[in-house]
K.L.:
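Before I ask anything, let me first share the structure, which is written out below as structure tokens.
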Amino acid sequence: MALKTLPAKAAAALDKDLMSSGAFSIDQLMELAGLSVSQAVYRVHPFAMGRRVLVAVGPGNNGGDGLVAARHLRHYGYQPTIYYPKRSGNDLYKRLTKQLEDLEIPFVDDFPVALKSTDHVVDAIFGFSFSGEVREPFPAVIQALSATKVPVTSVDAPSSWDIEQGPPKSGTGSSFHPDVLVSLTAPKPLIKYFKGRHFIGGRFVSPAIAKKYDFDLPEYEGVDQVVEVGPNGQKL
């Protein structure tokens, strides 16, 4: 049985429900999303493969998830570096950035150069609300991600991909295929174009919300915030 997916409009509506009837704050949701991303990286990239993790951060909520993930990775013992070229003026993002600075996590301006000295990349540039053209300075970043041999973990969606249609037919992102995808809350329709290791994260959805949006909650084990699933949704 194939995994039930959550289209972009439903994903946006679900987020609103979580923050209204669900009584979650955006800070909480971002913290839990980033925690699940960090656990997926820990699962697929143990220390023996190298501790340097480059986190590419976009200007929106997907980027916020990446900032949170970087903090957790630092506490696990990794050596994260942050590429965050379009910083948000929002207080939440400023606080997340300050938390990273207090941990002496370096911020870099040149993504291709940083990519040459890392062991793993977290792509937290664009999430499920992305549509249209990739704007500067991100085309070169996605091009570099498409060409690199360094393993890449994408947060919720490979950046530049259309949530329904998957990778662009041509141009920026058309050859970008990350190694790992962490679907937050539930997989999005683009999953049918993804061939790598797939995790579902976000252990905060109530059965009532899952029923309302018609998707299945994965069976998380113990303290795990992520579940790895196969192409047909079976737990691995």
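Sequential numbering from 1 along the given sequence is applied to the chain's residues.
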K.L.:
Between L54 and H120, is the side-chain contact (heavy atoms from CB on, under 4.5 Å) condition met? List the steps.
P.N.:
CA-CA 6 Å; L54 176 58; H120 196 93; over 6 Å; no

K.L.:
With a sphere of 6.0 Å drawn around CD of E164, does it hold more than 12 non-hydrogen atoms of other residues, nucleotides or ligands?
P.N.:
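Counting neighbours around CD of E164, more than 12 heavy atoms of other residues, nucleotides or ligands fall under 6.0 Å, so yes.
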
K.L.:
Against the six-membered ring of F107, is R87 placed for a cation-pi contact (under 6.0 Å from the centre, within 45° of the normal)?
P.N.:
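Geometry flag: set, cation within 6.0 Å and 45°.
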
K.L.:
With heavy-atom distances below 4.5 Å as the criterion, would you say the side chains of Y193 and P167 are in contact?
P.N.:
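Of all side-chain heavy-atom pairs linking P167 with Y193, at least one is under 4.5 Å.
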
K.L.:
Verify salt bridge (Lys or Arg N to Asp or Glu O under 4.0 Å) between R51 and D119, making sure each step is shown before the conclusion.
P.N.:
CA-CA 7 Å; R51 296 184 184 227; D119 305 304; over 6 Å; no

K.L.:
Consider only side-chain N and O atoms of Y213 and D17, and report whether a donor and an acceptor are under 3.5 Å apart.
P.N.:
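Yes, D17 and Y213 have a side-chain donor paired with an acceptor closer than 3.5 Å.
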
K.L.:
Is the count of non-hydrogen atoms from other residues, nucleotides or ligands lying under 6.0 Å from D109 atom CG greater than 12?
P.N.:
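Check fails, neighbour count at 12 or below.
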
K.L.:
Could you walk me through whether R197 and D179 pass the salt bridge (Lys or Arg N to Asp or Glu O under 4.0 Å) check?
P.N.:
CA-CA 6 Å; R197 292 180 70 178; D179 305 82; over 6 Å; no

K.L.:
Given side-chain contact (heavy atoms from CB on, under 4.5 Å), test V55 with T81 step by step and report yes or no.
P.N.:
CA-CA 6 Å; V55 185; T81 299; over 6 Å; no

K.L.:
Scan side-chain atoms only and decide if E31 and H72 contain a donor-acceptor pair under the 3.5 Å cut-off.
P.N.:
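A donor-acceptor contact under 3.5 Å links the two side chains.
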
K.L.:
Determine whether H75 and S38 make a side-chain contact, defined as any pair of heavy atoms from C-beta on separated by less than 4.5 Å.
P.N.:
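Side chain of H75 against side chain of S38, heavy atoms only: no contact under 4.5 Å found.
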
K.L.:
Would you check if D110 and V108 make a side-chain contact, meaning some heavy-atom pair closer than 4.5 Å?
P.N.:
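Side-chain contact under 4.5 Å: no.
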
K.L.:
Could you tell me whether the side chain of H198 and the main chain of G230 form a donor-acceptor pair under 3.5 Å?
P.N.:
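Pair absent, no side-chain N/O of H198 close to backbone of G230.
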
K.L.:
For F204, does the CZ atom have more than 12 heavy-atom neighbours from other residues, nucleotides or ligands under 6.0 Å away?
P.N.:
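Check passes, neighbour count above 12.
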
K.L.:
Less than 4.0 Å between a side-chain N and a carboxylate O, is that true for D224 and R203?
P.N.:
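Salt bridge: no.
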
K.L.:
Compute whether any side-chain donor of one residue and acceptor of the other, for Y93 and N61, lie under 3.5 angstrom apart.
P.N.:
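The answer is yes; a qualifying pair exists.
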
K.L.:
Determine the minimum heavy-atom distance between S160 and P168, stating which atoms define it.
P.N.:
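Looks like O-CG, 3.6 Å.
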
K.L.:
Give a yes-or-no answer on whether the side chains of T97 and Y84 include a donor-acceptor pair shorter than 3.5 Å.
P.N.:
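Side-chain D/A pair, T97 to Y84: absent.
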
K.L.:
Give the ring-plane orientation class for Y78 versus F47, where under 30° counts as parallel, over 60° as perpendicular and anything between as tilted.
P.N.:
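Taking F47 first and then Y78, their aromatic rings stand perpendicular (interplane angle over 60°).
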
K.L.:
For the residue pair R52 / Q79, report whether a side-chain donor-acceptor contact shorter than 3.5 Å exists.
P.N.:
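Result is no, nothing qualifies.
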
